[in-house]
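Everything numeric in this text was worked out from a predicted model, so none of it was measured. For ligands, and for the atoms within them, numbers begin at 1 and follow the listed sequence.
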Amino acid sequence: MKILGIESSCDDTGIAFIEDYEILANVILKQEHKKGVIPEYAARAHHQAICDHAREVIAHKKIDLIAYTAGPGLIGSLFVGACFAKGFSYASDIPSIAIHHLEAHILLPYWMQFNYEKLKHENISKLEFPYVCLLVSGGHTMIILVKNLGEYYVLSRTLDDAVGEVFDKVARHIGLDYPGGPNIEKLAREKTADGEFVFPNVMHNRDEFSFSGLKTAAIGQIDGQSANAEQKANFCSDFQNHIANLLVNKVERIYLKLRDDAQFCMEKLGISNVCVKDFVISGGVAANETIRAKFNQLAQKYEMQMHYPPIALCTDNGLMIAALGQLLFQKNGPSALTTKIDPAMPFAQKVTQS
Ligand code: KG4
Ligand code: ZN
């Protein structure tokens, strides 16, 4: 089955083409938004990118299914991808499927395992349901039990900002361009000392995340105008370490709950308390090497298996959209085909709340 995947929810245009578990094309076009994403500009840039690149991806290939991001995301950006997908679908009489952006991030490592020999990626290994996914992106931060395809349970979520957003805002404060995460990671490599900057341990005894207070505290620690390069590098390193520890501690807390609270597992989740060993870290922030290293340490402490998408596929891409289109179509057949678009597409449509 040949599937075209179109991603245009925010500022990266993704156009991918797969045949079963093989990647035939995967084009990712990153937009430049130095001060943060400007929605109007983002929509125009998606239009240009799709006009420039879709033809080369789909040339001479028979397409069986078109998968496109239907939400959540910026309305203008979503419209560009959805209108292209639907127009192409009507004109060529090819079925199309609306994809939930978060679900695609969560399921990508599951899809990739079927081709891990070919993809030769060391972080891709056997992954079975149920697994737990820490989704860390620019718009979302949550820990989800992935019971099965289409069966999700939110175990933890942020009460305010997303972790990627905090990276972006803190980076901007010290004069780094958007997206802030990779720029903070890069500058942190030049650090000369550890522990100069100390951050609050927000919500350490709760299942939920909260980042807005941490963001304010971080911004208050350093004068973005007058700090020198060395101070900024040390700040980035301490901040990144703090975020990594915070994410790891929260996943450890949830892991212990799943391991030890048999009643919660059985009554709320319908699973046995010993069965979750696989953990996926996905979304843009999962590209961070310090965060990955700390999660690998956690995996060694317990009997956990960590799974990460390849770095280039942590941030938004069309491959994850095509991949989920395939999984859903395989499972549900033509009833999987939907034609919606919703900038605030609630994950609750897809999940049970804890
Ligand atoms: O998943 P994504 O591409 O878009 C959303 O769905 O939101 O995530 C983008 C976010 C941005 O906030 C960006 O700063 C962050 O991911 N990010 C990183 C890194 N690469 C991207 N954060 C920390 N370290 C990175 N290496
Ligand atoms: Zn995303």
Do you see a donor-acceptor pair shorter than 3.5 Å between the side chains of [X] and [Y]?
X      : Y      : value
Glu7   : Ser9   : yes
Lys86  : Ser96  : yes
Asn296 : Gln300 : no
Gln31  : Asp12  : no
Thr290 : Gln240 : yes

Pairs where residues 269-281 contributes a residue and the test side chain to side chain donor-acceptor pair (under 3.5 Å) is met, not counting sequence neighbours: Asp278-His307
message: Below 2.8 Å, which protein N, O or S atoms neighbour the Zn ion (ligand 2), ignoring water?
response: His101 NE2, His105 NE2, Asp316 OD1
message: If hydrophobic clusters are built by linking Ile, Leu, Val, Met, Phe, Trp and Tyr wherever their side-chain heavy atoms come under 4.5 Å apart, do Leu78 and Ile38 end up in the same one?
response: no
message: If the threshold is 4.0 Å, N to carboxylate O, is there a salt bridge linking Lys30 and Asp11?
response: no
Present, as a list of atom pairs with distances to 0.1 Å, all nitrogen or oxygen contacts under 3.5 Å between ligand 1 and the protein.
from     : atom 1 : to     : atom 2 : distance (Å)
ligand 1 : 1 (O)  : His105 : NE2    : 3.3
ligand 1 : 1 (O)  : Gly284 : N      : 3.0
ligand 1 : 1 (O)  : Asp316 : OD1    : 3.2
ligand 1 : 3 (O)  : Asp316 : N      : 3.1
ligand 1 : 3 (O)  : Asp316 : OD1    : 3.3
ligand 1 : 4 (O)  : Asp316 : OD1    : 3.3
ligand 1 : 4 (O)  : Asp316 : OD2    : 3.2
ligand 1 : 6 (O)  : His101 : NE2    : 3.2
ligand 1 : 6 (O)  : Asp316 : OD1    : 3.4
ligand 1 : 7 (O)  : Gly138 : N      : 2.8
ligand 1 : 7 (O)  : Gly139 : N      : 3.3
ligand 1 : 8 (O)  : Gly138 : N      : 3.4
ligand 1 : 12 (O) : Gly164 : O      : 3.1
ligand 1 : 12 (O) : Asp168 : OD1    : 3.4
ligand 1 : 12 (O) : Asp168 : OD2    : 2.7
ligand 1 : 14 (O) : Asp168 : OD1    : 2.7
ligand 1 : 14 (O) : Gly181 : N      : 3.0
ligand 1 : 20 (N) : Gly284 : O      : 3.4
ligand 1 : 24 (N) : Asn288 : ND2    : 3.1
ligand 1 : 26 (N) : Glu185 : OE1    : 2.7

message: Apply the hydrophobic cluster definition, ILVMFWY joined by side-chain contacts under 4.5 Å directly or through others, and give me every member besides Leu74.
response: Val37, Tyr178
